[in-house]
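Since the model is a prediction, treat every value here as computed from it, not as a measurement.
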Amino acid sequence: MDGDGFPLRGLRVLEIGHFVAAPFATRLLADLGADVIKIEPLTGDPVRQWGEQVDGKSIWWSLHGRNKRSLACNLKDPRAIELILRLVRECDAVVENFRPGQLVRLGIGPDVLRRERPDLIIAHISGFGQTGPYRDRAAFGVIGEAIGGLRHLTNQAPGSTDLPPVRVGVSIGDSLAGLYAAFGLVSALWQRDRTAGDAKPRTIDVALTESVLSLMEGMLPEYGRLGKVRQPTGGGIPTAAPTNAYPSADGAYVLIAANSEPLFAKLMGLIGRPDLIGVAGFSGNQQRVQNSVELDELIGQWSRRHDSKTLIGLLTGEDIPNSRVYTAADIAHDPQYRERGMILDVYDEAFDGPILHPGVVPRFGDEPNAIRWPGPAIGAHNEEILRGLLSMDDQEIFVLREKGVIS
(Lines give C-alpha, C1' and ligand atoms only; values in the text may rest on other atoms or scores of the structure.)
Protein backbone atom coordinates (compact mmCIF):
# COMPACT_ATOMS: atom_id res chain seq x y z
CA MET A 1 0.00 0.00 0.00
CA ASP A 2 1.30 3.47 -0.83
CA GLY A 3 1.52 6.44 1.54
CA ASP A 4 -2.05 7.52 0.82
CA GLY A 5 -3.27 4.32 2.42
CA PHE A 6 -1.52 5.11 5.68
CA PRO A 7 -2.48 8.67 6.65
CA LEU A 8 -0.38 8.56 9.83
CA ARG A 9 2.80 7.39 8.11
CA GLY A 10 5.70 9.37 9.60
CA LEU A 11 4.12 9.69 13.05
CA ARG A 12 6.11 7.90 15.76
CA VAL A 13 4.45 7.07 19.08
CA LEU A 14 5.98 5.55 22.19
CA GLU A 15 3.51 3.39 24.10
CA ILE A 16 4.24 2.86 27.78
CA GLY A 17 1.03 1.01 28.46
CA HIS A 18 -0.42 -2.29 29.49
CA PHE A 19 -3.71 -4.19 29.55
CA VAL A 20 -6.27 -2.55 27.24
CA ALA A 21 -6.78 1.23 27.15
CA ALA A 22 -3.40 2.62 26.01
CA PRO A 23 -2.62 -0.37 23.78
CA PHE A 24 -6.02 0.01 22.10
CA ALA A 25 -5.34 3.70 21.44
CA THR A 26 -1.98 2.95 19.86
CA ARG A 27 -3.38 0.05 17.85
CA LEU A 28 -5.77 2.49 16.20
CA LEU A 29 -2.84 4.79 15.39
CA ALA A 30 -0.68 1.90 14.17
CA ASP A 31 -3.48 0.62 11.95
CA LEU A 32 -3.38 3.98 10.16
CA GLY A 33 0.37 3.81 9.64
CA ALA A 34 1.95 5.29 12.77
CA ASP A 35 5.22 3.74 13.92
CA VAL A 36 4.23 2.59 17.40
CA ILE A 37 7.03 1.40 19.67
CA LYS A 38 5.50 -0.58 22.51
CA ILE A 39 7.52 -0.78 25.72
CA GLU A 40 6.88 -4.11 27.41
CA PRO A 41 8.22 -5.67 30.59
CA LEU A 42 10.54 -8.61 30.03
CA THR A 43 7.60 -10.93 30.69
CA GLY A 44 5.41 -9.10 28.18
CA ASP A 45 2.13 -7.20 28.43
CA PRO A 46 -0.29 -8.98 30.81
CA VAL A 47 -2.84 -9.21 27.97
CA ARG A 48 -0.59 -11.87 26.45
CA GLN A 49 -2.00 -14.14 29.16
CA TRP A 50 -5.65 -13.26 28.52
CA GLY A 51 -8.25 -15.04 26.41
CA GLU A 52 -7.98 -18.31 24.57
CA GLN A 53 -4.46 -19.72 24.26
CA VAL A 54 -2.78 -22.04 21.76
CA ASP A 55 0.44 -23.56 23.10
CA GLY A 56 0.55 -20.80 25.71
CA LYS A 57 0.14 -18.01 23.16
CA SER A 58 -2.79 -15.59 23.28
CA ILE A 59 -4.93 -15.47 20.15
CA TRP A 60 -6.21 -12.03 21.18
CA TRP A 61 -2.65 -10.70 21.23
CA SER A 62 -2.38 -11.29 17.47
CA LEU A 63 -4.95 -8.48 17.09
CA HIS A 64 -4.20 -6.40 20.19
CA GLY A 65 -0.52 -5.92 19.37
CA ARG A 66 -0.74 -5.76 15.59
CA ASN A 67 1.25 -3.24 13.54
CA LYS A 68 3.41 -2.32 16.55
CA ARG A 69 7.09 -2.82 17.29
CA SER A 70 7.88 -4.43 20.64
CA LEU A 71 10.80 -3.34 22.79
CA ALA A 72 11.06 -5.40 25.99
CA CYS A 73 13.00 -3.85 28.85
CA ASN A 74 13.08 -3.61 32.63
CA LEU A 75 11.85 -0.13 33.52
CA LYS A 76 13.10 -0.56 37.08
CA ASP A 77 16.66 -0.38 35.76
CA PRO A 78 18.11 3.15 35.29
CA ARG A 79 19.70 2.03 32.01
CA ALA A 80 16.24 1.21 30.64
CA ILE A 81 15.07 4.68 31.65
CA GLU A 82 17.98 6.13 29.65
CA LEU A 83 16.76 4.10 26.65
CA ILE A 84 13.30 5.59 27.05
CA LEU A 85 14.71 9.11 27.13
CA ARG A 86 16.74 8.48 23.98
CA LEU A 87 13.68 7.08 22.25
CA VAL A 88 11.54 10.07 23.24
CA ARG A 89 13.86 12.34 21.26
CA GLU A 90 12.75 10.41 18.14
CA CYS A 91 9.02 10.34 18.96
CA ASP A 92 6.13 12.71 18.42
CA ALA A 93 4.00 11.43 21.28
CA VAL A 94 3.83 9.17 24.31
CA VAL A 95 0.70 7.25 25.31
CA GLU A 96 0.55 5.73 28.81
CA ASN A 97 -2.04 4.27 31.17
CA PHE A 98 -0.30 3.78 34.48
CA ARG A 99 -1.76 5.23 37.65
CA PRO A 100 -1.28 8.99 37.91
CA GLY A 101 2.21 9.73 39.16
CA GLN A 102 3.71 6.34 38.27
CA LEU A 103 5.85 7.72 35.44
CA VAL A 104 7.23 10.35 37.82
CA ARG A 105 8.20 7.62 40.27
CA LEU A 106 9.96 5.74 37.47
CA GLY A 107 11.93 8.88 36.62
CA ILE A 108 10.19 9.58 33.31
CA GLY A 109 7.54 12.10 34.30
CA PRO A 110 6.28 14.68 31.80
CA ASP A 111 8.88 17.31 32.76
CA VAL A 112 11.72 14.83 32.25
CA LEU A 113 10.33 13.60 28.93
CA ARG A 114 9.89 17.13 27.63
CA ARG A 115 13.46 18.04 28.43
CA GLU A 116 14.28 15.56 25.67
CA ARG A 117 11.57 16.83 23.29
CA PRO A 118 9.85 20.09 24.26
CA ASP A 119 6.92 19.69 21.84
CA LEU A 120 6.17 16.12 22.90
CA ILE A 121 2.48 15.23 23.07
CA ILE A 122 1.65 13.10 26.11
CA ALA A 123 -1.63 11.21 26.38
CA HIS A 124 -2.47 9.99 29.89
CA ILE A 125 -5.23 7.41 30.31
CA SER A 126 -6.34 6.57 33.84
CA GLY A 127 -9.38 5.51 35.80
CA PHE A 128 -10.43 8.94 37.07
CA GLY A 129 -8.05 11.40 35.41
CA GLN A 130 -4.90 13.16 36.56
CA THR A 131 -6.71 15.40 39.08
CA GLY A 132 -9.61 15.22 41.54
CA PRO A 133 -10.37 13.38 44.79
CA TYR A 134 -10.52 9.95 43.08
CA ARG A 135 -7.24 10.45 41.21
CA ASP A 136 -5.32 7.76 43.12
CA ARG A 137 -8.07 5.14 43.35
CA ALA A 138 -7.54 1.82 41.60
CA ALA A 139 -9.68 1.32 38.52
CA PHE A 140 -10.21 -0.92 35.53
CA GLY A 141 -12.59 -0.50 32.62
CA VAL A 142 -15.47 -2.08 34.55
CA ILE A 143 -15.14 0.63 37.22
CA GLY A 144 -15.33 3.29 34.54
CA GLU A 145 -18.45 1.62 33.14
CA ALA A 146 -20.05 1.61 36.60
CA ILE A 147 -19.25 5.22 37.50
CA GLY A 148 -19.94 6.43 33.98
CA GLY A 149 -23.52 5.14 34.23
CA LEU A 150 -23.36 2.36 31.65
CA ARG A 151 -23.52 -0.63 33.99
CA HIS A 152 -26.78 0.63 35.50
CA LEU A 153 -28.42 0.74 32.08
CA THR A 154 -27.20 -2.64 30.80
CA ASN A 155 -29.90 -4.65 32.49
CA GLN A 156 -33.47 -5.81 32.11
CA ALA A 157 -36.28 -3.53 33.27
CA PRO A 158 -36.40 -2.90 37.05
CA GLY A 159 -38.09 -5.71 38.93
CA SER A 160 -37.79 -8.21 36.08
CA THR A 161 -34.69 -9.95 37.46
CA ASP A 162 -32.72 -10.19 40.69
CA LEU A 163 -29.43 -10.76 38.84
CA PRO A 164 -26.77 -8.02 38.89
CA PRO A 165 -26.51 -5.59 35.95
CA VAL A 166 -24.71 -7.36 33.12
CA ARG A 167 -21.40 -6.44 31.54
CA VAL A 168 -21.46 -5.33 27.91
CA GLY A 169 -19.33 -8.35 26.99
CA VAL A 170 -16.09 -6.61 25.99
CA SER A 171 -13.81 -4.10 27.71
CA ILE A 172 -15.86 -1.21 26.38
CA GLY A 173 -14.77 1.32 29.02
CA ASP A 174 -11.09 0.74 28.25
CA SER A 175 -11.64 0.84 24.50
CA LEU A 176 -13.68 4.05 24.69
CA ALA A 177 -10.89 5.71 26.66
CA GLY A 178 -8.37 4.48 24.11
CA LEU A 179 -10.49 5.85 21.27
CA TYR A 180 -10.69 9.28 22.95
CA ALA A 181 -6.94 9.24 23.58
CA ALA A 182 -6.22 8.51 19.91
CA PHE A 183 -8.65 11.25 18.86
CA GLY A 184 -7.09 13.70 21.29
CA LEU A 185 -3.58 12.86 20.15
CA VAL A 186 -4.37 13.43 16.48
CA SER A 187 -6.14 16.69 17.41
CA ALA A 188 -3.07 17.84 19.32
CA LEU A 189 -0.86 16.97 16.34
CA TRP A 190 -3.05 19.03 14.04
CA GLN A 191 -2.86 21.98 16.42
CA ARG A 192 0.91 21.63 16.80
CA ASP A 193 1.47 21.47 13.07
CA ARG A 194 -0.60 24.64 12.57
CA THR A 195 1.55 26.54 15.07
CA ALA A 196 5.00 25.79 13.71
CA GLY A 197 7.76 26.84 16.08
CA ASP A 198 5.46 26.79 19.11
CA ALA A 199 6.89 24.20 21.48
CA LYS A 200 4.09 24.53 24.02
CA PRO A 201 3.52 21.11 25.61
CA ARG A 202 0.22 19.46 24.83
CA THR A 203 -1.16 17.05 27.38
CA ILE A 204 -4.20 14.80 26.90
CA ASP A 205 -5.94 13.65 30.08
CA VAL A 206 -8.44 10.84 29.46
CA ALA A 207 -10.42 9.18 32.27
CA LEU A 208 -12.22 5.86 31.84
CA THR A 209 -15.16 7.21 33.84
CA GLU A 210 -15.51 10.34 31.74
CA SER A 211 -15.17 8.44 28.47
CA VAL A 212 -18.18 6.32 29.36
CA LEU A 213 -20.15 9.26 30.76
CA SER A 214 -19.74 11.20 27.53
CA LEU A 215 -21.79 8.54 25.68
CA MET A 216 -24.76 8.50 28.00
CA GLU A 217 -26.99 10.51 25.66
CA GLY A 218 -29.76 12.35 27.53
CA MET A 219 -29.31 10.54 30.85
CA LEU A 220 -27.64 13.46 32.67
CA PRO A 221 -29.61 16.41 31.23
CA GLU A 222 -32.88 14.56 31.85
CA TYR A 223 -31.93 14.18 35.50
CA GLY A 224 -30.74 17.77 35.79
CA ARG A 225 -33.89 19.27 34.28
CA LEU A 226 -36.58 16.79 35.36
CA GLY A 227 -35.05 14.89 38.28
CA LYS A 228 -35.66 11.71 36.26
CA VAL A 229 -33.24 8.81 36.74
CA ARG A 230 -33.15 6.81 33.52
CA GLN A 231 -33.74 3.11 34.14
CA PRO A 232 -32.64 0.07 32.15
CA THR A 233 -35.06 -1.17 29.51
CA GLY A 234 -33.62 -4.54 28.52
CA GLY A 235 -33.38 -4.93 24.77
CA GLY A 236 -35.47 -1.87 23.99
CA ILE A 237 -34.64 1.80 23.60
CA PRO A 238 -36.26 4.14 26.13
CA THR A 239 -36.77 6.89 23.54
CA ALA A 240 -38.04 4.93 20.54
CA ALA A 241 -40.58 2.17 19.87
CA PRO A 242 -40.87 -0.39 18.53
CA THR A 243 -37.18 -1.27 18.68
CA ASN A 244 -36.18 -4.52 20.33
CA ALA A 245 -34.91 -8.04 19.84
CA TYR A 246 -37.77 -10.44 19.14
CA PRO A 247 -37.73 -14.25 19.41
CA SER A 248 -38.01 -16.49 16.39
CA ALA A 249 -39.30 -20.05 16.03
CA ASP A 250 -35.76 -21.46 15.76
CA GLY A 251 -34.52 -19.93 19.03
CA ALA A 252 -32.70 -16.96 17.54
CA TYR A 253 -33.43 -13.28 18.16
CA VAL A 254 -34.05 -10.75 15.42
CA LEU A 255 -33.66 -7.00 15.96
CA ILE A 256 -36.52 -4.98 14.52
CA ALA A 257 -36.33 -1.17 14.45
CA ALA A 258 -39.61 0.31 13.18
CA ASN A 259 -39.93 3.51 15.19
CA SER A 260 -40.82 5.99 12.43
CA GLU A 261 -44.39 6.43 11.23
CA PRO A 262 -43.89 4.82 7.80
CA LEU A 263 -41.94 1.91 9.27
CA PHE A 264 -44.47 1.33 12.04
CA ALA A 265 -47.26 1.25 9.46
CA LYS A 266 -45.34 -1.30 7.37
CA LEU A 267 -44.67 -3.49 10.38
CA MET A 268 -48.27 -3.42 11.58
CA GLY A 269 -49.41 -4.45 8.12
CA LEU A 270 -46.87 -7.26 8.11
CA ILE A 271 -47.98 -8.69 11.47
CA GLY A 272 -51.67 -8.38 10.59
CA ARG A 273 -52.50 -5.43 12.86
CA PRO A 274 -53.16 -2.50 10.52
CA ASP A 275 -55.89 -1.45 12.96
CA LEU A 276 -53.17 -0.04 15.25
CA ILE A 277 -51.93 2.48 12.71
CA GLY A 278 -52.74 6.01 13.86
CA VAL A 279 -54.95 4.99 16.79
CA ALA A 280 -54.69 6.44 20.29
CA GLY A 281 -51.82 4.86 22.23
CA PHE A 282 -49.84 4.05 19.10
CA SER A 283 -49.94 7.30 17.15
CA GLY A 284 -46.52 8.89 17.20
CA ASN A 285 -43.32 7.72 18.84
CA GLN A 286 -44.05 9.18 22.28
CA GLN A 287 -47.31 7.23 22.60
CA ARG A 288 -45.66 4.03 21.41
CA VAL A 289 -42.87 4.43 23.96
CA GLN A 290 -45.51 4.65 26.70
CA ASN A 291 -47.04 1.41 25.45
CA SER A 292 -43.87 -0.38 24.40
CA VAL A 293 -44.46 -3.41 26.63
CA GLU A 294 -47.81 -4.15 25.00
CA LEU A 295 -46.40 -3.43 21.56
CA ASP A 296 -43.39 -5.73 22.08
CA GLU A 297 -45.71 -8.53 23.16
CA LEU A 298 -47.78 -8.18 19.99
CA ILE A 299 -44.71 -8.22 17.77
CA GLY A 300 -43.20 -11.12 19.72
CA GLN A 301 -46.35 -13.22 19.23
CA TRP A 302 -45.95 -12.73 15.48
CA SER A 303 -42.16 -13.27 15.37
CA ARG A 304 -42.40 -16.59 17.25
CA ARG A 305 -44.39 -18.06 14.36
CA HIS A 306 -41.45 -17.74 11.92
CA ASP A 307 -37.87 -18.93 11.87
CA SER A 308 -35.18 -16.24 11.79
CA LYS A 309 -34.43 -16.58 8.07
CA THR A 310 -38.09 -16.14 7.19
CA LEU A 311 -38.41 -13.17 9.55
CA ILE A 312 -35.42 -11.44 8.00
CA GLY A 313 -36.82 -12.07 4.53
CA LEU A 314 -40.23 -10.64 5.41
CA LEU A 315 -38.81 -7.57 7.13
CA THR A 316 -36.21 -6.89 4.47
CA GLY A 317 -38.89 -7.18 1.81
CA GLU A 318 -40.70 -4.27 3.49
CA ASP A 319 -37.43 -2.33 3.92
CA ILE A 320 -37.77 -2.43 7.73
CA PRO A 321 -34.37 -2.25 9.51
CA ASN A 322 -33.65 -5.67 10.98
CA SER A 323 -30.90 -8.15 11.75
CA ARG A 324 -30.29 -11.45 13.39
CA VAL A 325 -28.25 -11.03 16.59
CA TYR A 326 -24.85 -12.03 15.24
CA THR A 327 -22.43 -14.44 16.86
CA ALA A 328 -18.73 -14.60 15.96
CA ALA A 329 -19.56 -17.29 13.40
CA ASP A 330 -22.17 -15.06 11.74
CA ILE A 331 -19.68 -12.20 11.56
CA ALA A 332 -16.89 -14.33 10.11
CA HIS A 333 -19.05 -15.47 7.18
CA ASP A 334 -21.01 -12.27 6.56
CA PRO A 335 -20.73 -11.24 2.87
CA GLN A 336 -20.89 -7.51 3.66
CA TYR A 337 -17.92 -7.69 6.02
CA ARG A 338 -16.04 -9.90 3.60
CA GLU A 339 -16.68 -7.67 0.60
CA ARG A 340 -15.37 -4.61 2.46
CA GLY A 341 -12.28 -6.37 3.76
CA MET A 342 -13.39 -6.24 7.39
CA ILE A 343 -12.71 -9.95 7.94
CA LEU A 344 -9.05 -10.62 7.24
CA ASP A 345 -7.02 -13.80 7.33
CA VAL A 346 -3.69 -12.61 8.73
CA TYR A 347 -0.76 -15.00 8.78
CA ASP A 348 0.75 -15.20 12.26
CA GLU A 349 3.96 -17.16 12.62
CA ALA A 350 3.21 -17.66 16.32
CA PHE A 351 0.42 -20.02 15.24
CA ASP A 352 1.97 -21.09 11.92
CA GLY A 353 -1.20 -20.11 10.13
CA PRO A 354 -3.89 -17.48 9.64
CA ILE A 355 -5.73 -15.68 12.42
CA LEU A 356 -8.99 -13.85 11.75
CA HIS A 357 -8.68 -10.11 12.34
CA PRO A 358 -11.23 -7.33 11.98
CA GLY A 359 -10.12 -4.84 9.36
CA VAL A 360 -9.01 -1.26 9.87
CA VAL A 361 -11.54 1.43 10.82
CA PRO A 362 -11.98 4.01 9.39
CA ARG A 363 -11.56 3.36 5.69
CA PHE A 364 -9.97 5.98 3.49
CA GLY A 365 -11.64 5.99 0.09
CA ASP A 366 -11.06 2.82 -1.88
CA GLU A 367 -7.80 1.93 -0.16
CA PRO A 368 -7.87 -1.71 0.96
CA ASN A 369 -7.54 -2.64 4.60
CA ALA A 370 -3.99 -3.70 5.34
CA ILE A 371 -2.43 -5.34 8.37
CA ARG A 372 1.34 -4.97 8.21
CA TRP A 373 2.00 -7.66 10.83
CA PRO A 374 0.19 -9.33 13.76
CA GLY A 375 1.07 -8.88 17.42
CA PRO A 376 4.82 -9.51 17.69
CA ALA A 377 6.72 -11.72 20.10
CA ILE A 378 8.01 -10.09 23.30
CA GLY A 379 10.92 -7.85 22.34
CA ALA A 380 10.76 -8.91 18.71
CA HIS A 381 12.03 -5.51 17.55
CA ASN A 382 14.64 -4.86 20.22
CA GLU A 383 17.67 -4.90 17.96
CA GLU A 384 15.85 -3.24 15.06
CA ILE A 385 14.94 -0.29 17.29
CA LEU A 386 18.22 -0.07 19.19
CA ARG A 387 20.37 -0.29 16.07
CA GLY A 388 18.18 1.51 13.57
CA LEU A 389 16.74 4.28 15.71
CA LEU A 390 19.32 4.72 18.47
CA SER A 391 22.41 3.69 16.46
CA MET A 392 23.63 1.35 19.18
CA ASP A 393 26.43 -1.08 18.38
CA ASP A 394 26.88 -4.78 19.18
CA GLN A 395 28.77 -4.13 22.41
CA GLU A 396 26.16 -1.75 23.82
CA ILE A 397 23.34 -4.16 23.05
CA PHE A 398 25.32 -7.08 24.46
CA VAL A 399 25.87 -5.26 27.77
CA LEU A 400 22.20 -4.33 28.09
CA ARG A 401 21.19 -7.93 27.48
CA GLU A 402 23.78 -9.33 29.87
CA LYS A 403 22.63 -6.93 32.61
CA GLY A 404 18.99 -7.95 32.18
CA VAL A 405 17.93 -4.55 30.94
CA ILE A 406 16.48 -5.89 27.68
CA SER A 407 15.33 -9.32 26.56
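With rounding to the nearest 0.5 Å, the separation of CD in Q102 from OG in S126 is 12.5 Å. For the atom pair C91 SG and I121 CD1, the distance stands at 11.5 Å (nearest 0.5 Å). In this structure, N382 CG and L71 CG are separated by 4.5 Å, a value rounded to the nearest 0.5 Å. Here the CD1 atom belonging to I385 is positioned 7.0 Å from the CG atom belonging to L87, to the nearest 0.5 angstrom. With values rounded to the nearest 0.5 angstrom, S171 atom OG is found 10.5 Å from L208 atom CG. Of the inter-residue distances, the one linking N244 atom CG with E297 atom CD reads 11.5 Å to the nearest 0.5 angstrom.
Put simply, the side chain of E96 gets close to the backbone of F98: a donor and an acceptor are under 3.5 Å apart. Proximity of a side-chain donor or acceptor of D348 to a complementary backbone N or O of I355 within less than 3.5 Å is not detected. Of the possible donor and acceptor atoms, one in the side chain of R135 sits under 3.5 Å from a partner among the backbone N and O of Q130. No donor-acceptor pair closer than 3.5 Å links the side chain of R288 to the backbone N or O of G281. A donor-acceptor contact shorter than 3.5 Å links the side chain of D330 to the backbone of T327. Side-chain atoms of T154 come within 3.5 Å of backbone atoms of R151 as a donor-acceptor pair (strictly under, hydrogens ignored). Not one N or O on the side chain of N67 forms a donor-acceptor pair closer than 3.5 Å with the backbone of I371. Judged purely by atom type and a 3.5 angstrom limit, T243 has no side-chain atom pairing as donor or acceptor with the backbone of A257. Side chain of R48 to main chain of K57: no donor-acceptor pair is present (N/O by atom type, distance under 3.5 Å, no hydrogens or angles). Between the side chain of N285 and the backbone N or O of A241 there is at least one donor-acceptor pair closer than 3.5 Å.
Residue D35 forms a salt bridge (charged side-chain N to carboxylate O under 4.0 Å, His left out) with just one option from R372, K68, R12, and that option is R12. Tested against D119, the residues R89, R192, R202 include a single salt bridge (charged side-chain N to carboxylate O under 4.0 Å, His left out) partner, R192. The residue from V360, V36, V346 that alone fulfils the side chain to side chain contact (heavy atoms under 4.5 Å, CB included) condition with R66 is V360.
Between F19 and W50, the two ring planes are tilted [angle within 30° to 60°]. Using cut-offs of 30° and 60° on the angle between ring planes, the pair F128 and Y134 is perpendicular. Ring-plane geometry between W60 and H64 is classed as tilted, the angle between the planes lying from 30 to 60 degrees on a 0 to 90 degree scale. Between H381 and W373, the two ring planes are tilted [angle within 30° to 60°].
Side chains of D92 and L120 form no contact here, defined as non-hydrogen atoms less than 4.5 Å apart. Residues R167 and L150 form no side-chain contact, since every pair of their non-hydrogen atoms from C-beta on lies 4.5 Å or further apart. Contact of the M342 side chain with the I331 side chain is not registered, since no non-hydrogen atoms from C-beta on lie closer than 4.5 Å.
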From CA spacing to verdict: salt bridge (charged side-chain N to carboxylate O under 4.0 Å, His left out), E116, R86: CA-CA 8 Å; E116 305 299 323; R86 291 177 64 179; over 6 Å; no

Verdict with supporting geometry, S70 and E40, side-chain hydrogen bond (donor to acceptor under 3.5 Å, both in side chains): CA-CA 7 Å; S70 170; E40 295 193 75; 2.6 Å; yes

Steps toward salt bridge (charged side-chain N to carboxylate O under 4.0 Å, His left out) verdict (K228, E222): CA-CA 6 Å; K228 179 180 180 180; E222 288 166 3; 5.4 Å; no

R69 vs E15, salt bridge (charged side-chain N to carboxylate O under 4.0 Å, His left out): CA-CA, chis, key distance, verdict: CA-CA 10 Å; R69 296 198 282 174; E15 178 204 309; over 6 Å; no

Derivation of the side-chain hydrogen bond (donor to acceptor under 3.5 Å, both in side chains) call for R27 and S175: CA-CA 11 Å; R27 194 204 94 191; S175 298; over 6 Å; no

Working for side-chain hydrogen bond (donor to acceptor under 3.5 Å, both in side chains), residues Q286 and Q290: CA-CA 6 Å; Q286 290 295 326; Q290 294 299 317; 5.1 Å; no

Worked verdict on D307 versus S248 for side-chain hydrogen bond (donor to acceptor under 3.5 Å, both in side chains): CA-CA 5 Å; D307 61 44; S248 64; over 6 Å; no

Worked verdict on D334 versus R340 for salt bridge (charged side-chain N to carboxylate O under 4.0 Å, His left out): CA-CA 10 Å; D334 183 81; R340 287 175 55 81; over 6 Å; no

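The two atoms that bring P242 and L267 nearest to each other are CG-CD2, 4.0 Å, heavy atoms only. The shortest heavy-atom contact between L75 and L106 is O-CD2, 3.9 Å. Closest approach of I406 and L42 over heavy atoms only: C-CD2, 3.7 Å. The minimum heavy-atom distance between P23 and K38, with the atom names listed, is CG-NZ, 3.8 Å. Nearest heavy atom pair, residue A332 against residue L356, reads CB-CD1, 3.9 Å. Scanning both residues, N97 and G17, for their nearest heavy atoms gives OD1-CA, 3.0 Å.
A cation-pi arrangement, defined by a distance under 6.0 Å to the six-membered ring centre and an angle within 45 degrees of its axis, is absent between R324 and Y253.
Scored by the ring-ring contact (aromatic ring centres under 6.0 Å, His included) test, Y246 finds no partners at all (sequence neighbours excluded).
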